[in-house]
Amino acid sequence: MLSATSALASQGPPIPQGKPDAIVKTFAPGETPIPTPKANVPPSAQQALVLHNNAPAKVYFGAMEGPAPLKARSIGSYAKGCLAGGAALPVDGPSWQAMRLSRNRNWGHPELIDYLKDLADAAPSLGWRGLLVGDLAQPRGGPMTSGHASHQIGLDADIWLTQMPDKRLTREEREEVSAVSMLKGPLDVKGADRSVDPKKWTDIHARLIRRAAQDKRVARIFVNPTIKKALCSFETGPDRAWLRKVRPWWGHHYHFHVRLACPKDSRGCQNQNPPPPGDGCGSNLTYWLSDEPWVPKEPRDANKPIVKKRPMALAALPNDCRDVLEAN
């Protein structure tokens, strides 16, 4: 793909990393950010690949257009790793469509691809026409050039909270169509009603997330705290175990983020610690629904420069990720 020198020159200023998948800005209902499409990489550039330990890892992994021809394996942790033998989620399926194709992020461990196909097959029986699937991982995983701190080992997937339309979207539409926010209003206003919008949120949304969480392959599902609150109210049956996997997090009001556990044969893959006991409802949500995480305690000083965190260097990743980059 790119040599370190030419790749670094083409990338511009580094993009800071924050909390995993955090979107601190609150977007208006129906609005979602669309990153700038990645520049094309000449097919002959792989011969010029030179790896430098101190170079930003995202430069190398963002330049890879295809998977590493190795045995499928998730390497490292969700926010510090890479993917060998990645498989692509087909752009179209009977009950799914992949979105934002210019990003080339519809790649994952084969177990993730199988999981998404299974969930998509089940969706119509839940009253959901089909899935609109957002970012999975880059062809060889690793840090992304924009948008995510995790999604690095092919076990994370963003599924829109907008169901598939009754037509096949064009490539242009897949870049331009916005996902729909489930928020009732802004979260960063003192005393805000931090709830889902009842005009947009339905029990069908809840049934889809419940089905997604009940799969044994799933370790966690990240949703906006307002959605977690709605799910806690939705489940009136005796089985609330699935709610333990559904965790409140920043952003995630226009999609839910599925994270699978490490496949058994992925040597060197690091699972997160299990979620805390219980269903995560009630008092566990109090903090997330209060003003504290959302309302700034004091206005930011416009004259104070914003300190940007250095992008993750290649040396910070597991050693095997070099083999993933160099495999040809």
Side-chain angles (χ1 to χ4, degrees), residues 21 23 26-32 93-100 115-136 156-167 169 174 177-187 192-215 217-237 239-260 275 279-282 284-285 288-289:
D21 304 301
I23 301 177
T26 299
F27 295 94
E31 180 189 1
T32 183
S95 49
W96 79 83
Q97 297 183 48
M99 304 296 287
R100 306 294 192 254
Y115 167 85
L116 290 170
K117 290 178 178 179
D118 290 344
L119 182 61
D121 287 345
S125 68
L126 305 172
W128 193 261
R129 186 180 297 114
L131 307 181
L132 293 180
V133 183
D135 288 352
L136 308 186
D156 294 283
D158 290 343
I159 300 171
W160 286 24
L161 289 164
T162 305
Q163 65 178 311
M164 188 180 78
D166 58 1
K167 67 166 189 173
L169 297 170
R174 296 180 200 222
V177 170
S178 292
V180 176
S181 171
M182 297 290 111
L183 296 182
K184 191 173 185 178
L187 302 179
D193 180 357
R194 297 183 180 96
S195 302
V196 294
D197 186 343
K199 296 178 181 178
K200 298 172 182 175
W201 176 263
T202 68
D203 283 355
I204 301 175
H205 290 86
R207 287 199 291 269
L208 178 66
I209 295 175
R210 178 171 63 185
R211 176 63 68 91
Q214 287 174 331
D215 192 295
R217 292 169 286 190
V218 171
R220 274 175 170 77
I221 292 180
F222 298 102
V223 298
N224 190 268
T226 61
I227 293 174
K228 173 69 175 187
K229 176 184 173 184
L231 293 171
C232 290
S233 299
F234 162 77
E235 184 55 83
T236 58
D239 180 11
R240 298 179 66 85
W242 63 275
L243 284 165
R244 181 186 179 192
K245 296 182 182 180
V246 182
R247 312 308 301 176
W249 200 241
W250 310 94
H252 297 87
H253 51 87
Y254 54 87
H255 72 268
F256 63 99
H257 173 169
V258 175
R259 172 169 293 170
L260 300 192
D279 60 14
C281 299
N284 293 286
L285 269 176
W288 283 104
L289 299 174

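- With rounding to the nearest 0.5 Å, the separation of CG in D156 from CD1 in I221 is 11.5 Å.
- Going from atom OH of Y115 over to atom CG of L260 covers 7.0 Å, rounded to the nearest 0.5 Å.
- Counting heavy atoms from C-beta outward, D279 and C232 have side chains that stay 4.5 Å or more apart.
- With a 4.5 Å cut-off on side-chain heavy atoms, W242 and L231 count as touching.
- The two residues V218 and A213 have their closest heavy-atom pair at CB-O, 4.3 Å.
- Between the side chain of R240 and the main chain of E235, a donor-acceptor pair closer than 3.5 Å is present.
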Side chain to side chain contact (heavy atoms under 4.5 Å, CB included) evaluation trace for L208 with L131: CA-CA 10 Å; L208 178 66; L131 307 181; 4.1 Å; yes
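- I227 is not listed as a side-chain neighbour of H252, based on a closest heavy-atom distance of 4.5 Å or more.
- Listed here is the closest heavy atom pair of R211 and S125: NH2-OG, 4.5 Å.
- With values rounded to the nearest 0.5 angstrom, L289 atom CG is found 5.5 Å from K229 atom NZ.
- Across all non-hydrogen atoms, the minimal contact from S233 to T236 is O-CG2, 3.9 Å.
- Salt-bridge check for D197 with K199: failed, with every basic side-chain N at 4.0 Å or more from each acidic carboxylate O.
- One distance of note links NZ of K200 with CG of L161; it measures 11.5 Å at 0.5 Å rounding.
- Checked against side chain to side chain donor-acceptor pair (under 3.5 Å), Q97 has the following partners two or more places apart in sequence or in another chain: R174.
- Residues V177 and L132 are not in side-chain contact: their nearest non-hydrogen atoms beyond the backbone lie 4.5 Å or more apart.
- In plain terms, the two heavy atoms of W128 and T162 that are nearest each other are CZ2-C, 3.5 Å.
- One distance of note links CZ of R259 with CZ of R220; it measures 7.5 Å at 0.5 Å rounding.
- For the pair W249/H257, no side-chain contact is recorded, criterion being any heavy-atom separation below 4.5 Å from C-beta on.
- Looking at every heavy atom in both residues, S95 comes nearest to D121 through OG-N, 3.6 Å.
- Remark: side-chain polar atoms of K245 are not paired, donor with acceptor, to backbone N or O of Q214 under 3.5 angstrom.
- No side-chain heavy atom of V258 sits less than 4.5 Å from a side-chain heavy atom of D215.
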Worked check of side chain to side chain contact (heavy atoms under 4.5 Å, CB included) between Y254 and D158: CA-CA 10 Å; Y254 54 87; D158 290 343; over 6 Å; no
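- For the side chain to side chain donor-acceptor pair (under 3.5 Å) test, residues two or more places apart in sequence or in another chain that qualify with T202 are H205.
- Between R194 and P225, the closest side-chain pair of non-hydrogen atoms is not below 4.5 Å.
- Between the side chain of R244 and the main chain of P275, a donor-acceptor pair closer than 3.5 Å is present.
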L169/M99 under side chain to side chain contact (heavy atoms under 4.5 Å, CB included): CA gap, chis, key distance, verdict: CA-CA 9 Å; L169 297 170; M99 304 296 287; 3.9 Å; yes
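- At distances below 3.5 Å, at least one donor-acceptor pair connects side-chain atoms of K228 with backbone N or O atoms of L243.
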W201 vs T226, side chain to side chain contact (heavy atoms under 4.5 Å, CB included): CA-CA, chis, key distance, verdict: CA-CA 11 Å; W201 176 263; T226 61; over 6 Å; no
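- Judged purely by atom type and a 3.5 angstrom limit, H253 has no side-chain atom pairing as donor or acceptor with the backbone of G251.
- Judged as a salt bridge (charged side-chain N to carboxylate O under 4.0 Å, His left out), and not counting sequence neighbours, R207 has no contacts.
- Closest approach of L183 to S181, counting heavy atoms only: N-OG, 3.1 Å.
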